[in-house]
Amino acid sequence: MSAKGTNTVVYEPPVPGGDGIGVVTLDHYPVNSLSRQVFNECTRAIQRIERDTSVKGIVVVGAGRCFCAGADISAFGKQESEPLVLMGRPVTDMLGFESLSVPVVAAIHGLALGGGLETALGCHYRIIKEDAFVGLPEVNIGLLPGGQGTQRLPRLIGCDAALDFMTTGAHVPAADALKLGIVDKVVTQQESLLDAAKEFCKSKMNLDIPRIVEIRAPAAVDFGAWHARMDRARRGEPAPQAIIRCVEAACNSSKYSDGDTVEKKEFVKLIRSPESAALRYMFFAERAGNKIPGVKTAPKPIRTVGIIGCGLMGGGIAMACAEAGINVVIVDMTDDALSRGMGQIKANFTRSRRLSAAQKEKFLARIHGSTAFDAVRNCDLVVEAVYEDMETKKQVFSRLDKVCKPGAFLCSNTSFLDIDEIASATTRPEYVMGTHFFSPANVMKLLENVRGSRTSDLTIATMMAWGTRIGKWCILVGNCDGFVGNRMIKQYNDAARALLQDGMLPEAVDRVATDFGMRVGPFAMADIVGIDLGIQAVRKAGKYDPQRNVMHALVDAGRLGQKTRAGFYDYDGQRRATPSAAVARIVADVARNNGAGGGTVQLSDDVVLQRLLCPMINEAFSILDEGIAVRPSDIDVCYVHGYSFPRIRGGPMHHADTVGLTAIAAALERMHVTPAPLLLQCIADGVTVHQWHQRQLRSRARTPPAPAKL
């Protein structure tokens, strides 16, 4: 069972003269998702069970790697290939197991997520393998548990625990699931899950059958506090609020069916919402990034990673590798620098609330520090994470080329420098690539892998696989100034500064950005980074002008950001920001000096948002047209996970398609910005950018492949 293409449910009736236990196996490759065929075959299996008087108990299992990972998201909104088979009697749970008159035990291994857990909650008992996880993660795709999860879980474990479980969407390990009361027993690794389930089932024969549908309505909790909590934690997302309303409905009526009706209505509203559409789009976009057209080479395993530079970035990369089970050698020039860096790594692990003490100790033991450059000589991969200076990086790569073993991959954690120039310092450019991490590297999920002109398919395949292994959403990008992310963020920051120059106050611009869903506005971010960043280069170029440039005027006034407790905002001792009257005066003075008449100006939120986003989106079309990005969704993954673009908007390209490309072009023209050729082409062809990309893929599929790269 569980072979590619399998999509069914297998029922094995009790062996004649045996224990009377039948086995129902969910078998939809690869993760037993709940397709229409699975629903129908479950119905047929239950009908057979009800007709067979020899059945004394049932065990429900999953084939292959897990019990069931939930609904088939890719099928949402599509026409079903076969009609629904009806049970022919009332059904109280999602699949119909609950009404059986014999004990039904769900035997969980791997994962029971979403509809998979709801299937298990429809069974009378649940046992779980000790390394398995359960969860109701629908909130992360803008939905709620639509198979009665919002009604069953609160009855089983109480409203507060159920709401925490559903609004975080967390994958909960077996031991915690037992403590919560979601499962009845944990099975060790050494035990056979099926045998344990059968024994458990036998122990429940001839006893009263517990059905969640018959449990009285749960006790109400402070739902107002939950609504406020979700307003803060998941701002702008309708799904968490809908989940709370469903749980409220479970408490407000003694009839189970009343809450179930509310759940169904709320689910329909959510699945039609733009937020859920964006989140479901992102779910697939994240998983598409490491699929590179034309790259068929198998990746090499990475067992040891060397890191040059034990600073913030190097330490974060080391932590990500260690948590993934990879041994790390991290090198810095001096004992003091190495000691500081290793101390910071240890402090970061110590602060973690996610890891146990044993995990922290194990991960830290995988990281070995050294001041000897050749300590990385036997590493499979070496990542350079030194100061962002071309000559410094070329010197490092020249030395690495001499000390590293043949076939070792050499990567640079650069955010904008030319990978080909860095590779020119080596005799192995085919093994050189950019690996642009985002700070802090052990936390941020994005990895921009940058291919050079001579980067081999083996290097690309290996770096994409390695990035995925260390928990990153990987995208492959081309070699240009700023690659994808920083090339686009320049347009966004330039647009924000232009609004400032026109007389908009920084807090007004930031409010529009955060109302849209950005975690922090552009000027609050500038205060975090430091307003004086790069100012020396501006001075050297003779472009420093405090009379006509607001940022230069702030630097001139000593307002450098949070580090001086004054930047675009004023800050107290806890770095809490308040709008600054001094900055308002500077903005007005600069506007007057630039001939804008003086004083601050106000623009509508729509105009401000267009001015912030449209130039960035326009640049993204050029990036895609130039082949710097593989697909539009890679740009969206980049911005959601690297630059905190709101996930419920789906990223800049999804947002552009949602708003309409004609509206984007019109806004650009009002700003006197020339729309990118690809943007105009999509408008002329009457297609979205994602439809354009699909056309390109179909066109390439009809073109004979180019010779493979050596």
Side-chain angles (χ1 to χ4, degrees), residues 1-2 6 8-28 31-32 34 38-39 41-70 87 91-113 115-134 147 152 156 174 177-178 182-212:
M1 291 190 290
S2 195
T6 306
T8 189
V9 170
V10 178
Y11 172 55
E12 300 170 76
V15 176
D19 54 18
I21 298 175
V23 178
V24 175
T25 303
L26 310 177
D27 190 5
H28 183 190
V31 291
N32 303 320
L34 296 172
V38 168
F39 268 86
E41 291 305 319
C42 267
T43 299
R44 294 185 178 107
I46 291 168
Q47 290 169 339
R48 286 181 62 190
I49 292 165
E50 291 180 322
R51 292 193 298 266
D52 188 347
T53 57
S54 71
V55 176
K56 297 178 181 178
I58 291 294
V59 172
V60 182
V61 300
R65 70 176 74 166
C66 68
F67 178 75
C68 174
M87 188 69 72
V91 174
T92 58
D93 64 314
M94 186 170 64
L95 291 178
F97 288 109
E98 189 170 52
S99 299
L100 288 173
S101 59
V102 297
V104 180
V105 179
I108 299 168
H109 77 289
L111 300 169
L113 301 177
L117 180 55
E118 288 169 307
T119 296
L121 292 173
C123 299
H124 307 135
Y125 303 98
R126 289 153 294 282
I127 73 169
I128 187 170
K129 204 77 171 176
E130 66 179 346
D131 61 346
F133 291 81
V134 299
R152 291 180 173 272
L156 194 63
L178 181 66
I182 296 172
V183 300
D184 302 288
K185 180 181 178 181
V186 174
V187 178
T188 66
Q189 287 289 84
Q190 291 72 35
E191 296 176 87
S192 161
L193 180 62
L194 181 58
D195 289 346
K198 287 183 175 182
E199 286 301 315
F200 190 91
C201 189
K202 281 192 282 187
S203 74
K204 302 301 179 182
M205 291 177 183
N206 302 316
L207 300 178
D208 289 341
I209 292 176
R211 296 180 174 91
I212 293 177

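What's counted below: heavy atoms across the whole structure, side chains too, no hydrogens, waters or symmetry copies.
- Between Thr25 and Gly62, the closest heavy-atom pair is CG2-C, 4.3 Å.
- Salt-bridge annotation for Arg152 and Glu98: present, with a side-chain N of the basic residue lying under 4.0 Å from a carboxylate O of the acidic one.
- Within the model, atoms CD of Glu130 and CD of Gln190 stand 6.5 Å from one another, a figure rounded to the nearest 0.5 Å.
- Ser99 places no side-chain N or O within 3.5 Å of a backbone atom of Gly96 that could act as its donor or acceptor partner.
- When every heavy atom of Thr8 is checked against every heavy atom of Glu41, the shortest pair comes out as OG1-CG, 3.7 Å.
- Interatomic distance, CD of Glu199 versus NZ of Lys185, reported as 8.0 Å (0.5 Å rounding).
- Atom CG in Leu121 sits 7.5 Å away from atom CD1 in Ile182 (nearest 0.5 Å).
- Under a 3.5 Å cut-off, the side chain of His28 and the backbone N or O of Val9 do not form any donor-acceptor pair.
- Atoms CD and CD1, from Glu12 and Ile21 in turn, are 12.5 Å apart once rounded to the nearest 0.5 Å.
- Tested against Ile128, the residues Val134, Val187, Leu178, Leu193 include a single side chain to side chain contact (heavy atoms under 4.5 Å, CB included) partner, Val134.
- The backbone N or O of Ile127 lies less than 3.5 Å from no partner atom in the side chain of Asp184, so there is not a single donor-acceptor pair.
- Nearest approach of Tyr125 to Asp208, heavy atoms of both residues: OH-O, 3.9 Å.
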Checklist line | Verdict with supporting geometry, Met94 and Leu34, side-chain contact (heavy atoms from CB on, under 4.5 Å) | finding: CA-CA 11 Å; Met94 186 170 64; Leu34 296 172; 3.6 Å; yes

Checklist line | Test side-chain contact (heavy atoms from CB on, under 4.5 Å) applied to Thr92 and Arg211, step by step | finding: CA-CA 10 Å; Thr92 58; Arg211 296 180 174 91; 5.8 Å; no

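- In this structure, the side chain of Lys129 does not engage the main chain of Ala107 through any donor-acceptor pair within 3.5 Å.
- Residues Phe200 and Pro103 form no side-chain contact, since every pair of their non-hydrogen atoms from C-beta on lies 4.5 Å or further apart.
- Arg48 has its side chain within reach of Pro13: a pair of non-hydrogen atoms, C-beta onward, lies under 4.5 Å apart.
- Atom NZ of Lys204 has more than 12 neighbouring heavy atoms from other residues, nucleotides or ligands inside a 6.0 Å radius.
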Item checked: Worked check of side-chain contact (heavy atoms from CB on, under 4.5 Å) between Val61 and Val23 -> CA-CA 7 Å; Val61 300; Val23 178; 4.0 Å; yes

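- Between Ala112 and Phe67, the shortest heavy-atom contact is CB-CD2, 3.9 Å.
- Put simply, CZ on Arg126 and CD1 on Ile108 are 7.5 Å apart, with the number rounded to the nearest 0.5 Å.
- Tested against Cys123, the residues Val24, Leu100, Val60 include a single side chain to side chain contact (heavy atoms under 4.5 Å, CB included) partner, Val60.
- Formation of a donor-acceptor pair under 3.5 Å by the Asn32 side chain with backbone atoms of Ala63 is found in this model.
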Notebook entry, point to check: How far apart are the C-alpha atoms of Asp93 and Val91, what are their side-chain angles, what is the distance that settles it, and do they pass the side-chain contact (heavy atoms from CB on, under 4.5 Å) test?
Noted result: CA-CA 6 Å; Asp93 64 314; Val91 174; 3.9 Å; yes

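- Taken from SG in Cys68 to CG in Leu26, the straight-line distance is 6.0 Å, to the nearest 0.5 Å.
- Remark: side-chain polar atoms of His124 are paired, donor with acceptor, to backbone N or O of Val104 under 3.5 angstrom.
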